[in-house]
Amino acid sequence: MTQLANTATTAPLRDGRPERADATPAEPVARVVLATEEDLLAVRHAVRAATLEAGFGIVDQTRVVTAASELARNAYIHGGGGTLTIEYPRRRGAKGLRLTICDEGPGIPDVDAALVDGFTTGAGLGHGLGGARRLMDDFEVRTQPGAGTTVIATRWVDR
């Protein structure tokens with residue numbers, strides 16, 4: 001776990017490297033507000049459409065939609081709501097799909113523990129955050145006690 005200057009914490013990306021330097025910044029193509037249970041369904045639909053646009057096969061579509069659903073549910077339940085932003089980053093000519101989920105909840109006191117299967121603060125099975133990380137290529141958690149959590153997860157079409 002890396003300490004950032006603003007006291008936020010960040011979990012390493014799946015491949016253990018910082019955000020890829022060769023990935024170009026992307027403009028948001030969709031934003032979904034997470035304020036109600038119905039918004040969780042809207043997330044699934046928006047991300048499914050984005051995976052089709054990005055050119056993912058059916059298995060990767062399912063992976064990304066599942067990760068988005070888990071992350072959105074966490075933001076809704078534990079963060080009191082939030083937003084999902086969808087982007088299409090590029091690197092070396094390959095297209096990706098980046099999901100950024102932000103909430104203004106209590107933050108995650110121990111990110112390392114939260115990423116371990118079986119860890120839960122609720123009634124779930126404890127596979128949400130760690131499971132979402134396994135489904136994506138790049139994964140980062142930024143959190144600060146009392147100031148919320150941001151999860152940035154990217155999957156690349158060129159895997």
Side-chain angles (χ1 to χ4, degrees), residues 1-48 50-51 63-91 96-156:
M1 186 167 53
T2 305
Q3 287 294 336
L4 301 178
N6 66 358
T7 71
T9 58
T10 180
L13 299 174
R14 181 175 172 192
D15 62 10
R17 295 177 296 190
E19 182 63 36
R20 297 170 192 250
D22 60 342
T24 59
E27 292 296 318
V29 295
R31 185 166 279 127
V32 179
V33 174
L34 303 166
T36 67
E37 286 274 338
E38 292 78 25
D39 295 334
L40 298 175
L41 183 58
V43 163
R44 293 182 66 83
H45 288 297
V47 172
R48 170 97 164 112
T51 62
R63 287 181 178 129
V64 175
V65 170
T66 300
S69 181
E70 291 292 339
L71 296 171
R73 182 165 292 286
N74 280 351
Y76 175 69
I77 292 172
H78 301 292
T83 59
L84 163 71
T85 303
I86 301 171
E87 301 168 298
Y88 298 117
R90 291 194 167 275
R91 68 169 189 202
L97 182 63
R98 178 174 298 129
L99 309 173
T100 302
I101 296 95
C102 299
D103 68 57
E104 295 180 7
I108 303 172
D110 186 345
V111 175
D112 291 333
L115 289 166
V116 173
D117 280 350
F119 177 87
T120 183
T121 58
L125 298 175
H127 296 300
L129 200 57
R133 178 175 64 173
R134 283 191 303 280
L135 293 169
M136 303 298 281
D137 295 320
D138 301 333
F139 193 88
E140 182 179 357
V141 176
R142 298 175 185 166
T143 189
Q144 187 172 356
T149 300
T150 297
V151 177
I152 304 166
T154 306
R155 186 141 183 109
W156 297 97

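What you see below is based on every heavy atom in this structure, not just the backbone, and it leaves out hydrogens, waters and symmetry mates.
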Practice item. Could you tell me whether the side chain of Phe139 reaches within less than 4.5 Å of the side chain of Ile152, counting heavy atoms only? Key: no
Practice item. Report the residues that fulfil side-chain hydrogen bond (donor to acceptor under 3.5 Å, both in side chains) with Thr85, sequence neighbours left out, ordered by chain and then residue number. Key: Arg31
Check your understanding: To the nearest 0.5 Å, how far apart are CE in Met136 and OG1 in Thr154?
Key -> 6.0 Å
Review point. Can you name the closest pair of heavy atoms from Val32 and Ala46 and give their distance?
Key: CG2-CB, 3.9 Å
Check your understanding: Do Leu99 and Ile86 touch side chain to side chain, with heavy atoms closer than 4.5 Å?
Key -> yes
Practice item. Return the minimal non-hydrogen interatomic distance between Pro106 and Gly79, and the atom names on each side. Key: CD-CA, 4.4 Å
Check your understanding: Got His45 and Leu41 here, is their nearest side-chain heavy-atom distance under 4.5 Å?
Key -> yes
Check your understanding: Looking only at heavy atoms, what is the nearest atom pair of Ala68 and Val47, with distance?
Key -> CB-CG2, 3.7 Å
Check your understanding: In Å and rounded to the nearest 0.5 Å, what is the OH to CG distance from Tyr76 to Leu40?
Key -> 7.0 Å
Review point. What distance separates Leu34 CG from Leu71 CG, expressed to the nearest 0.5 Å?
Key: 10.5 Å
**Study point:** From Ile101 atom CD1 to Asn74 atom CG, the distance as rounded to the nearest 0.5 Å
**Key:** 9.5 Å
Point to revise | Non-hydrogen atoms of Arg91 and Trp156 that approach each other most closely | key: NH1-NE1, 3.3 Å
Practice item. Given side chain to side chain donor-acceptor pair (under 3.5 Å), test Ser69 with Arg44 step by step and report yes or no. Key: CA-CA 6 Å; Ser69 181; Arg44 293 182 66 83; 3.1 Å; yes
Review point. Does a side-chain heavy-atom distance below 4.5 Å link Arg73 with Glu37?
Key: yes
Practice item. Would you give the length of the straight line joining atom CG of Asp138 to atom CZ of Arg98, rounded to the nearest 0.5 angstrom? Key: 7.5 Å
Revision key, fill the gap. The reported gap from OG1 in Thr150 to CZ in Arg142 (rounded to nearest 0.5 angstrom) is 7.0 Å
Check your understanding: Do side-chain atoms of Asp103 reach the backbone of Thr149 as a donor and acceptor pair under 3.5 angstrom?
Key -> yes
